[in-house]
Protein chains: 2
Amino acid sequence: MSDDPRSLTTIRRAFEVLDVLQETNGAGPTELARRMDLPSSTMYDYLRTLHETGYVTREDGEYRLSPRIYTMAGRMKHRDRLFQTAKPEMKRVANDTDELVGLTIEHDGKGLILHQEEGPQALNLGTYPGAMTPLHTHASGKVILAYLPDDEAEAILRDGPLAQRTERTVTDPDALRAERERIQERGYAVDWDEQVIGMGMIAVPILIDERLHGALNIVAPTGRVQNESYQEELRQKIEESVNRISINYQYGGSGTPREP
Amino acid sequence: MSDDPRSLTTIRRAFEVLDVLQETNGAGPTELARRMDLPSSTMYDYLRTLHETGYVTREDGEYRLSPRIYTMAGRMKHRDRLFQTAKPEMKRVANDTDELVGLTIEHDGKGLILHQEEGPQALNLGTYPGAMTPLHTHASGKVILAYLPDDEAEAILRDGPLAQRTERTVTDPDALRAERERIQERGYAVDWDEQVIGMGMIAVPILIDERLHGALNIVAPTGRVQNESYQEELRQKIEESVNRISINYQYGGSGTPREP
DNA sequence: ATATATTTTCCGGAATATTCGGATAGGGTG
DNA sequence: CACCCTATCCGAATATTCCGGAAAATATAT
């Protein structure tokens, strides 16, 4: 539990409380104390303090995560230049194609959905902004793997385990290494049924100044993605979109929009 | 600084560090230590621990908030029943009217934008999900004030100060009390130029089981909102939408969607 | 209604985790 | 190469956390 004797256990525990609160969806000191194996008087002190900070709410004896988290995340996203430049483009493509358009970045060796725009009829199979997924399980992640520095990509492939999400998920490191090269040559990646059955994805890297900033992808039902001409059409659309994003990112407006 | 001697200062400080990190957008121990008036060795301990938790990243000596916040907020939102039921309705209205549709909830005496859907051409004047604003400065907030229990509303009006956002912002408590009553009678609120010049808003309460869950609103340029027949049209659309939301909220599907 | 069980909140003192000055190492700049 | 600034490391003092147990509050059972 206390690995490094120099790290502040009080802080580590406080965040563990947040994690547990997220799972329990509202609980009292006793239950939380049980879950974390602490005296409930201690848990009480933690909850009281977390409540003071505003990140935890207390309603009739039940403590839960406070919507203040939304404010922190929202502000951060609002100030993110990649998000700001990508968003209008993603909207355009989503409305144009009526599919689901996603923007994924790498964080901590995993894929994190930074933003998503859905066309009016687009189907969404349970992915949402903020969700983290293993990189090797979908086209966006594989694009990221392909354009990550070799050593980082290799570390991810080597240190596994590489989760098997569906029966089509590629989990063999050598197969994934081969795919990295193919993606680097072609400049995009496609998958279907590898993360979720019925879901296909086309993804291209967002490279700015030679540096990988993320991947833009379109999600469509497997059937449609298998159709080569449609796949080609979608691919062109997101490639164009990425071009505009990278131009606007570099030469575009002020950067940070105003605050309300 | 240390108000209540029984609250855990380590936790309070840790969250203050997060706040400061949010403002600085990347900084080293020394700068952060200066800002919080602490020895930099102490700040180092905090940063090191926050980094361990995963909520802070360290890249070449610069510490910053980690995208992990997105994951926490995203999961929370994804599990929020009000959001889940409102979202498809908001999309429909946004595409139908081509304006900006918002869902605001009350938190800590202020208005918090839980979600926003923009029509393809909708203009967005700097509001974003997660943003918090004083309730008395826009239609959504006033609807919430009107349907909040009297004592809570009164506390907000009494304890001021009521910020003046534009020259049209209503800051007189008595005027706001009168408006509460009018809103309760009519069942909706309208404002223009009260929060942002050029921005008009129509808002209706989301009442489920007699309890206020939030407010749904449409934002449009002041000029369009001043047009009575258009205003009426928009109002009807969000009222219908709220009806569907409240029905689906009560009798709708499973509740929590699947995780990816 | 009354009794009983359970949970939340409060409190004081012991134990120990945090804190801070100072030492060291690392980076950048003229 | 010397200087300055910053990040990191360390050990000892002490202010904080932590826990057991009491009191209040709440829920459940009789």
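Chain letters run A, B, ... following the sequence lines, proteins first and then strands; every chain starts at 1.
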Task: A:E59 side chain to A:E62 backbone, donor-acceptor under 3.5 Å - done: no
Task: Side-chain donor/acceptor of B:Q84 to backbone N/O of B:H78, under 3.5 Å - done: yes
Open item on the list: Using a strict heavy-atom distance below 4.0 Å, which residues from residues 56-63 of chain A are in contact with DNA chain C?
Closed with: A:R58, A:Y63
- [ ] Indicate yes or no: does B:D45 engage B:R48 in a salt bridge with an N to O separation below 4.0 Å.
- [x] no
Task: Residues touching DNA chain C, which here means a heavy atom under 4.0 Å, drawn from residues 18-34 of chain A - done: A:G28, A:P29, A:T30
TODO: Would you kindly check if the NZ (Lys) or CZ (Arg) of B:R68 is within the cone defined by 45 degrees around the ring axis of B:Y55 and under 6.0 Å from the six-membered ring centre?
DONE: yes
Task: For atom CZ of B:R12 and atom P of D:dT17, their distance in whole Å - done: 8 Å
- [ ] Could you run through nucleotides 20-26 of chain C and give me one letter per nucleotide, 5' to 3': B if any protein heavy atom sits under 4.0 Å from the base, S if only the sugar-phosphate is that close, - if neither?
- [x] BBB----
TODO: Give the rounded distance in Å between these two atoms: OH of B:Y44 and P of D:dA7.
DONE: 10 Å
Open item on the list: Under 4.0 Å from OP1 or OP2 of C:dT19: is there any side-chain N or O of B:Y46 that close?
Closed with: yes
Open item on the list: Does anything in residues 24-54 of chain A form a ring pair (Phe, Tyr, Trp, His ring centres under 6.0 Å)? List the pairs, not counting sequence neighbours.
Closed with: none
TODO: Name all residues meeting the side-chain hydrogen bond (donor to acceptor under 3.5 Å, both in side chains) criterion together with B:D150; count only those two or more places apart in sequence or in a different chain, and write none if there are none.
DONE: B:R180
Task: Spacing of B:T49 atom OG1 and A:L8 atom CG [to the nearest 0.5 Å] - done: 3.5 Å
TODO: Rounded off to whole Å, could you give me the CG-to-C1' distance for the A:L47 and D:dT17 pair?
DONE: 15 Å
Open item on the list: What is the separation between atom NE2 on B:H51 and atom C1' on D:dA7, rounded to the nearest whole Å?
Closed with: 14 Å
Task: D:dC9 phosphate, OP1 or OP2, under 4.0 Å from B:R48 side-chain N/O - done: yes
Open item on the list: With no hydrogens and no angle check, just 3.5 Å: does a side-chain donor-acceptor pair link B:H136 and B:T171?
Closed with: no
- [ ] Answer yes if the ring centres of A:Y70 and B:H107 are under 6.0 angstrom apart, and no otherwise.
- [x] no
Open item on the list: Treating B:T71 as the side-chain partner and A:A131 as the backbone partner, does any N or O pair qualify as donor plus acceptor under 3.5 Å?
Closed with: no
Open item on the list: For a quick check of understanding: with a heavy-atom distance under 4.0 Å over all strands, which category does B:T49 fall into, base, sugar-phosphate or nothing?
Closed with: nothing
TODO: Among residues two or more places apart or on two chains, list those pairs meeting salt bridge (charged side-chain N to carboxylate O under 4.0 Å, His left out) that have a residue in residues 23-43 of chain A.
DONE: A:E31-A:R35
Within the sub-3.5 Å range, which N or O atoms of nucleotides 27-30 of chain C have a protein N or O partner, and how far apart are they?
none

Task: d(CE, B:M43; P, D:dA7) in whole Å - done: 11 Å
TODO: If a pair satisfies salt bridge (charged side-chain N to carboxylate O under 4.0 Å, His left out) and one of its residues is in residues 131-143 of chain B, list it, with sequence neighbours excluded.
DONE: B:K142-B:E179, B:K142-B:E194
Open item on the list: According to side-chain hydrogen bond (donor to acceptor under 3.5 Å, both in side chains), who are the partners of B:T57, at least two apart in sequence or on a separate chain?
Closed with: none
- [ ] For B:I156, check side chain to side chain contact (heavy atoms under 4.5 Å, CB included) against everything at least two apart and list the hits.
- [x] B:L135, B:L145, B:L148
Task: Candidate nucleotides C:dA17, D:dT16, C:dC10, ranked by approach to the side chain of B:T10 - the nearest - done: D:dT16
TODO: Under the side chain to side chain contact (heavy atoms under 4.5 Å, CB included) rule, collect the residues that match up with A:A203, sequence neighbours excluded.
DONE: A:A139, A:S140, A:V143, A:N217
Open item on the list: Five pairs per end, C1' atoms only: what is the angle between the end axes of the helix from C:dA1-D:dT30 to C:dG30-D:dC1, to 10 degrees?
Closed with: 50°
Task: N/O donor-acceptor pair under 3.5 Å between B:N124 side chain and B:G126 backbone - done: yes
